Amino acid sequence: MAEQATSLKNRSLRPQPSPSDRRSRMKAVANNLILHLHPTQIPRPALKLTYTWGLGGISTLWAFILILSGILLMFRYDASVERAYTSIQFLETQIPFGSLLRSLHHWSGNLLLITTFLHLMRVFYNGGFKKGRATNWLIGITLLLLVVTFNFTGYLLPWDQLAFWAVTVGTSLLNYIPIVGGVISGFLLGGTEVGQNALRNFYAIHVSLLPATLILLMAYHFWRIRKDGGISQPERAKGEKVEKLTTIPYLVQIEVTAAMLLITTLFLWAAQVPAPLEALANPAHPPNPAKAAWYFMGLQELLLHMHPLAAMLLPGIVLFAIAALPYWDTRSSDIGIYFRSKKGLTIAITGVVFSLILVPLLVLVDEWWIDLPLMLPFLSTLISNGLIPLLLSLGGLAIIYYFLRGIFSATHSEALVGLFTFVTFSLFILTLIGVFFRGPNMALVMPF
Ligand code: HEM
């Protein structure tokens, strides 16, 4: 006891660190943290903006703002059917900066979805999934699915008309996933329809399961980048030396400047464009059209043209193929080269042109001229409107692949660039059609 008192006394007598000592100690801690995330040195080419577009870093920033704003929102939000909507109204009107806080959460969530998808495209286009990076590619796919689930579970929480009906449509889509769809939707809803159980389950998943998994997986994703030898780089001739720069200050000053600019833009945007809040949810009055959230509109559009089972299987097969890319495109010599080669860029542009022509054309043809169940009445709709369009779509993708290989004398890797571009842009166009060109009863309309 006496010893403890003496040591405390001695400690208080010890000279206190001067402010400049404290500053340098804080700097040392900050540097230490940075060097846990980054290597001490990085190759100069990796610093070029065009190499990564910083999309993984930007996604990290949005995830950070999302989680921080979400924690603050939890202090006022009430996950009950009777009080959820009023708790949001209270937050928006009575709490200082409450509306801004909600808006920040809303926009950072949407931005995270967009930048994560763009990051996936960047990694694909410069072959960042090659040479031992398959695990991180798969972790990335899981992260993207987590981000979608984050957005989807958050959508219901305001309990307004938009939330209620988008989630009703979204969970009804889940039911069409073979074997597990019904189980997942039953688990999420805690029954058969969107009500108190669903709100409680969505909230629990949104604020505990998803953030914890996202943080853990992100940490693993970052660790793997370093374990895999850093950001992928083009292969160099033996003996060729690449100039290296120290992370502090060269990389860090770019990251801090970019983060400040992005945060300022987000704040300005969120202050001008509040998160939407429609009328209180009314299960008796569906809006017309009842649309899913924007990121599911591509799927909803497919459902208008195919049997639900086919409309779920097609994106499922495409997602599986994208996940399997590291095992499908194993050529490592083109790692770090955008589009694999100059020819690859031409092929990618061809993929964009194909999707711009084919997708709207097929939507129009199916809408106005072709009705397979009517033309083939002797077949069940599962076959006429499901199996046949599914096989035609997969056959069409195969034809595009072989067409690209033949016309451009493309390598397997280059043809996959064209196919991937066609698929991602088709999804983009289907989403645009669903969001802007579908009106009452989901009929095609002009948006202006
Ligand atoms: C929450 C979502 C995600 C975050 C926060 C994140 C973060 C990052 C960061 C910071 C990097 C370093 C390079 C850069 O900034 O581009 C990176 C690299 C990487 N990411 Fe992600 N990522 C996410 C999702 C994804 C997705 C969806 C994929 C692909 C399916 C993916 C696959 C990869 C791979 C393979 C690398 C190494 C790339 C290379 O070596 O060039 N990540 N990620």
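Just so it is clear, the model here is predicted, and its values are computed rather than measured. Remember, it's 1-based here, ligands and their atoms both numbered in the order they're listed.
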For the [atom1] atom on [X], are there more than 12 heavy atoms of other groups (residues, nucleotides or ligands in this structure) within a distance under 6.0 Å?
{"X": "R76", "atom1": "CZ", "value": "no"}
{"X": "Y401", "atom1": "OH", "value": "yes"}
{"X": "F64", "atom1": "CZ", "value": "no"}

Among protein heavy atoms, which sits nearest to [atom], and what does the distance come to when rounded to 0.1 Å?
{"atom": "atom 34 (C) of ligand 1", "value": "V123 CG1, 3.9 Å"}
{"atom": "atom 37 (C) of ligand 1", "value": "G128 O, 4.2 Å"}
{"atom": "atom 5 (C) of ligand 1", "value": "T60 OG1, 3.5 Å"}
{"atom": "atom 12 (C) of ligand 1", "value": "I231 CD1, 3.4 Å"}
{"atom": "atom 40 (O) of ligand 1", "value": "S232 N, 2.8 Å"}
{"atom": "atom 3 (C) of ligand 1", "value": "L143 CD1, 3.8 Å"}
{"atom": "atom 11 (C) of ligand 1", "value": "I225 CD1, 3.3 Å"}
{"atom": "atom 9 (C) of ligand 1", "value": "G56 CA, 3.6 Å"}

Shortest heavy-atom approach to atom 31 (C) of ligand 1 - which of M121, M218, R133, H221:
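The nearest heavy atom belongs to H221.
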Which of the listed options, G336, A323, G140, holds the heavy atom that is closest to atom 28 (C) of ligand 1?
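Ranked by closest heavy atom to atom 28 (C) of ligand 1, first place is G140.
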Please work out whether any backbone atom (N, CA, C, O) or any side-chain heavy atom from C-beta onward of W53 is under 4.0 Å from ligand 1, and answer side chain, backbone, both or neither.
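None of W53 does.
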At under 4.0 Å between heavy atoms, is it the side chain or the backbone of I139 that contacts ligand 1, or both, or neither?
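Near ligand 1, I139 shows nothing, with every heavy atom at 4.0 Å or more.
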Are any non-hydrogen side-chain atoms of [X] and [Y] less than 4.5 angstrom apart?
{"X": "L427", "Y": "V318", "answer": "no"}
{"X": "E414", "Y": "L404", "answer": "no"}
{"X": "Y155", "Y": "F296", "answer": "no"}

Do R133 and F124 meet the cation-pi criteria used here (NZ or CZ under 6.0 Å from the six-membered ring centre, within 45° of the axis)?
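So R133 doesn't make the cation-pi contact.
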For Y125 and F420, run ring-ring contact (aromatic ring centres under 6.0 Å, His included): C-alpha distance rounded to whole Å, both residues' side-chain angles, the deciding distance at 0.1 Å, then the answer.
CA-CA 9 Å; Y125 281 127; F420 175 86; 5.6 Å; yes
So, does G57 sit close enough to ligand 1 that a heavy atom of it is under 4.0 Å from the ligand?
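Within the 4.0 Å threshold, so yes.
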Basic-acidic side-chain contact under 4.0 Å: K130, E235:
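Here K130 does not pair with E235 in a salt bridge, since their nearest N and O are not under 4.0 Å apart.
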Show the atoms of ligand 1 that are less than 4.0 angstrom away from any heavy atom in T116.
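Every atom of ligand 1 under 4.0 Å from some heavy atom of T116: 2 (C), 24 (C), 27 (C).
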Which of the ligand 1 atoms, numbered from 1, are nearer than 4.0 Å to a heavy atom of R122:
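That gives atoms 13 (C), 14 (C), 16 (O), 38 (C), 41 (O) of ligand 1.
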Is the F403-F354 ring centre distance short of 6.0 angstrom?
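Yes, they do, as the ring centres are separated by less than 6.0 Å.
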